[in-house]
Amino acid sequence: MATSYGAAAILGVIVVLGVITFAIRFSFIALFGRLDRIPPRIERLLHYVPPAVLAALVLPSLLVFQPDGGVAVDKLLAGGVATGVAWRTEDILATMAAGMLVLWAVRLAPV
Amino acid sequence: MDRSDLRRGVRDSAPLLPGVVPFGIVVGIASVDAGLQLLEAVAMSVVVFAGASQLAALDLLGSDAPLTVVLVTGTVINLRMLMYSASIAPYFRQLSGRWKAALAYVLTDQAYALSIVRYRSDRPVDRVAYYLGVGGTLWVAWQFATVGGFVLGAGVPDAWGLDFAVPLVFLAVLVPTIENRPGVVAAVVGGSVAVVAGGLPLNLGLLVGAGAGIGGGLAAEGVWEDGDGD
């Protein structure tokens, strides 16, 4: 879907997200000597950020409800196979290839 | 600067490119889908240079989420890099501020993972040279891949369903981040809540799911702390 935001808003997102991202990367590298380590409680929390956020990004795209209440079978199957491949290989290319192939196979299969 | 360590960094990062390049291509395609111009897509890859957050921001921009939600989501995804920054900081302590800033800019999951292993080994290494070998290679590959994806995305018909590659990339990035049982809980709770909260206004489902997942992971860690929850 194409955004309805104009060029200024897009540029704003790029610049602000860029500045924040750089600040995160630079944080402890810049402050070393004054602030040497992350407080343990925060560090524990940070460990769960990637699995929680990434799963929250992934699952709603694999488990898609259609207007009639049913689940989109092509995406569910493709996602299931891709999850297995990701687990076994931890390889982006293999995961993408498996998921896309299953998606196309299900869509082209005569039902 | 030690040229052989620079070359070693380039060489060590080469096996990562089959993962980085398709990821970048998907980001390029997502930029087209979100309605960005080529120059905007390039600007994003250069300025932000963080794949997962770029992809999430593009996805949300495409569905006209409020800009605050776009920015908060993109930021939360990058919070993990606080850990890398803290972990690698001691090895950069003697460098000038300008060098530190330059190295911080190319800090990624891969640059961190390769460099920290090399720094912790007993072999002497020119830290900056090695790190730049890795980070520079990844940076160049990322820029080319996103531009390539943009060009490709502009030419591929919607019927191919190439937008489905986006969750597949996230899936491939997700799995290795699950290190233990509380990590499984964080992912399962985060994903399920995001599905249920999918109908929330302002595209808040993602952040609500992420928050629930983090809470779930911490709670599970508490439960398993005295047990064998690796």
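So that the names make sense, note that chain A is the first sequence line, chain B the second, and so on, each numbered from 1.
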Top of A:Leu45, A:Leu11, A:Val16, A:Leu54 for chain B proximity - count of heavy-atom pairs under 4.5 angstrom:
A:Leu54
Spatial distance of atom CD1 (A:Ile10) from atom CG (B:Leu58) [nearest 0.5 Å]:
9.0 Å
From A:Val49, A:Leu46, A:Ile42, residue fulfilling side-chain contact (heavy atoms from CB on, under 4.5 Å) relative to B:Leu82:
A:Leu46
Heavy-atom pair count under 4.5 Å with chain B, highest-scoring of A:Ala2, A:Gly18, A:Gly79
A:Ala2
Among A:Pro50, A:Ala56, A:Ala86, which residue forms the greatest number of heavy-atom pairs with chain B at distances under 4.5 Å?
A:Ala56
Pair count under 4.5 Å, heavy atoms only, with chain A: among B:Ala56, B:Gly215, B:Pro90, B:Ala197, highest is B:Pro90
Under 4.5 Å to a heavy atom of chain A? For B:Val26 that would be side chain
For chain A, the option from B:Phe164, B:Phe92, B:Phe49 that forms the most heavy-atom pairs under 4.5 Å:
B:Phe164
Please round to the nearest 0.5 Å and tell me the distance separating atom CG of A:Leu93 and atom CG of B:Leu168.
11.5 Å
Go through the atoms of A:Ala7 and report whether side chain, backbone, both or neither lie under 4.5 Å from a heavy atom of chain B.
both
Heavy-atom pair with the smallest gap, counting every atom of A:Ala52 and B:Ala210:
CB-O, 3.5 Å
Where does B:Ala65 contact chain A at under 4.5 Å (heavy atoms): side chain, backbone, both or neither?
backbone
Interchain donor-acceptor contacts below 3.5 Å (chain A, chain B):
unit_1	atom_1	unit_2	atom_2	d
A:Ala2	N	B:Asp33	O	3.3
A:Thr3	N	B:Ala34	O	2.9
A:Thr3	OG1	B:Leu61	O	2.9
A:Thr3	OG1	B:Asp64	OD1	3.1
A:Ser4	N	B:Asp64	OD1	2.7
A:Ser4	OG	B:Asp64	OD1	3.3
A:Ser4	OG	B:Asp64	OD2	2.4
A:Tyr5	OH	B:Ala65	O	2.7
A:Thr21	OG1	B:Asn78	ND2	3.0
A:Arg25	O	B:Ser85	OG	2.8
A:Arg25	NE	B:Leu107	O	2.6
A:Arg25	NH1	B:Val48	O	3.1
A:Arg25	NH1	B:Phe49	O	3.4
A:Arg25	NH1	B:Tyr105	O	3.4
A:Arg25	NH2	B:Phe49	O	2.5
A:Arg25	NH2	B:Leu107	O	3.2
A:Phe28	N	B:Ser85	OG	3.0
A:Ile29	N	B:Ser85	OG	3.1
A:Arg44	NE	B:Glu221	OE2	2.3
A:Arg44	NH2	B:Glu221	OE2	3.1
A:Tyr48	OH	B:Glu221	OE1	2.6
A:Trp104	NE1	B:Trp160	O	2.6

Determine the minimum heavy-atom distance between B:Ile178 and A:Pro51, stating which atoms define it.
CG1-CB, 4.1 Å
Assess whether side chain to side chain contact (heavy atoms under 4.5 Å, CB included) is satisfied between A:Leu57 and B:Ile77, documenting all intermediate values.
CA-CA 10 Å; A:Leu57 276 165; B:Ile77 291 173; 3.7 Å; yes
Which heavy atom in B:Pro22 sits nearest to a heavy atom in A:Met96, and how many Å separate them?
CB-SD, 3.9 Å
Between A:Ala9, A:Ala55, A:Ala82, the one whose heavy-atom pairs under 4.5 Å with chain B are most numerous
A:Ala55
So the ring pair (Phe, Tyr, Trp, His ring centres under 6.0 Å) pairs with at least one residue in residues 20-42 of chain A (sequence neighbours excluded) are A:Phe22-A:Phe26
Pairs of heavy atoms under 4.5 Å with chain A: top-ranked of B:Gly198, B:Gly183, B:Gly205, B:Gly209
B:Gly183
Given that the side chain runs from C-beta out, which part of A:Ile20 has a heavy atom under 4.5 Å from chain B: side chain, backbone, both or neither?
side chain
Check each atom of A:Leu103 against the heavy atoms of chain B and say whether the ones under 4.5 Å are side chain, backbone, both or neither.
side chain
Name the option with the most non-hydrogen atom pairs under 4.5 Å to chain A; the candidates are B:Ala187, B:Gly97, B:Gly211.
B:Ala187
Counting heavy-atom pairs under 4.5 Å with chain A, the top scorer among B:Ala57, B:Pro176, B:Ala50, B:Gly35 is B:Pro176
Need one label for B:Leu162: side chain, backbone, both or neither, based on atoms under 4.5 Å from any heavy atom in chain A.
both
Among A:Ile24, A:Ile38, A:Val85, A:Leu31, residue most engaged with chain B (heavy-atom pairs, under 4.5 Å)
A:Ile24
Please look at B:Val70 and chain A and tell me whether the side chain, the backbone, both or neither of the residue comes under 4.5 angstrom of a heavy atom of that chain.
side chain
The reported gap from CE in B:Met44 to CG in A:Leu17 (rounded to nearest 0.5 angstrom) is 6.5 Å
With a 4.5 Å cut-off on side-chain heavy atoms, are B:Leu71 and A:Val13 touching?
yes
Among B:Leu60, B:Leu55, B:Leu174, who wins on heavy-atom pairs under 4.5 Å with chain A?
B:Leu174
